[in-house]
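Right, one structure below, let's go through it.
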Amino acid sequence: MTGTTERLLGRPTPPDQSAWAEAGYPVLDEISARHGVHVEERLADGRYVLQAELPGVDAEDIEVTVTEGRVTLRAGRSEEITRRGRAEFRYGYFTPLPAGAMSDEATAEYEQGVLTITMPVLEVKTGVRARSMREPLSVGAT
């Protein structure tokens, strides 16, 4: 075997996968997957609270953006790898905010590897009304 691969006529040549590995996988940076970020969200006492675990990330390497009804979190860190130089790790997360969230009053705190974002939430009344299963539904009633 000579190290080259014969290609069948009419079949495309697959891309060089070693070039992909050298360049990294930039597409993965754009995926909305949580990239290892453990996030907990809750509504309690009229407040929306998001907690994200970011161990090993310096506070100045965290970016939080609250726009258009959603919160976006970006963070990164790098570490020395003996054979290949530096390795960079990027984390990302985004989620829609609950209805009535007052994003202009959001606060953020980062302590011991945990980022906590908090904001008040106004009670939003909807046209949906809960009924008991025993209560009869009448046509035309609201």
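All values reported here derive from a predicted model rather than from experimental measurement. Worth knowing before you read on, the calculation uses all heavy atoms, side chains too, and leaves out hydrogens, waters and symmetry mates.
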*Given side chain to side chain contact (heavy atoms under 4.5 Å, CB included), test L115 with V64 step by step and report yes or no.*
CA-CA 10 Å; L115 173 68; V64 177; 3.8 Å; yes

*same_hphob_cluster(V39, V114) at 4.5 Å side-chain heavy-atom cutoff*: no

*Common cluster, V37/V66, ILVMFWY with side-chain heavy-atom separation under 4.5 Å*: yes

*Using modelled atom types only, decide if a donor and an acceptor are shared between the side chain of Y91 and the backbone of I62 within a distance under 3.5 Å.*
no

[X] versus [Y], closest heavy-atom pair with distance:
| X | Y | value |
| --- | --- | --- |
| V121 | A99 | CG1-O, 3.5 Å |
| G76 | V57 | O-CG1, 3.7 Å |
| P96 | E41 | O-OE1, 4.5 Å |

_Note, R70 side chain near T95 side chain (heavy atom, < 4.5 Å)_ = no

*asked:* Run F94 and T65 through side chain to side chain contact (heavy atoms under 4.5 Å, CB included) and show every step you take.
replied: CA-CA 9 Å; F94 69 88; T65 309; over 6 Å; no

*Among T107, L97, D104, which one satisfies side-chain contact (heavy atoms from CB on, under 4.5 Å) with M119?*
L97

*Distance only, no hydrogens: is a donor on one side chain within 3.5 Å (strictly under) of an acceptor on the other, for R42 and Y48?*
no

_Is it true that, when you exclude R77 itself, more than 12 heavy atoms of the residues, nucleotides or ligands shown sit nearer than 6.0 Å to its CZ?_
yes

Can you measure from [atom1] ([X]) to [atom2] ([Y]) and round to the nearest 0.5 angstrom?
| X | Y | atom1 | atom2 | value |
| --- | --- | --- | --- | --- |
| T116 | Q51 | OG1 | CD | 4.0 Å |
| L54 | H38 | CG | NE2 | 11.0 Å |
| I117 | L73 | CD1 | CG | 6.0 Å |
| Q112 | E53 | CD | CD | 12.0 Å |

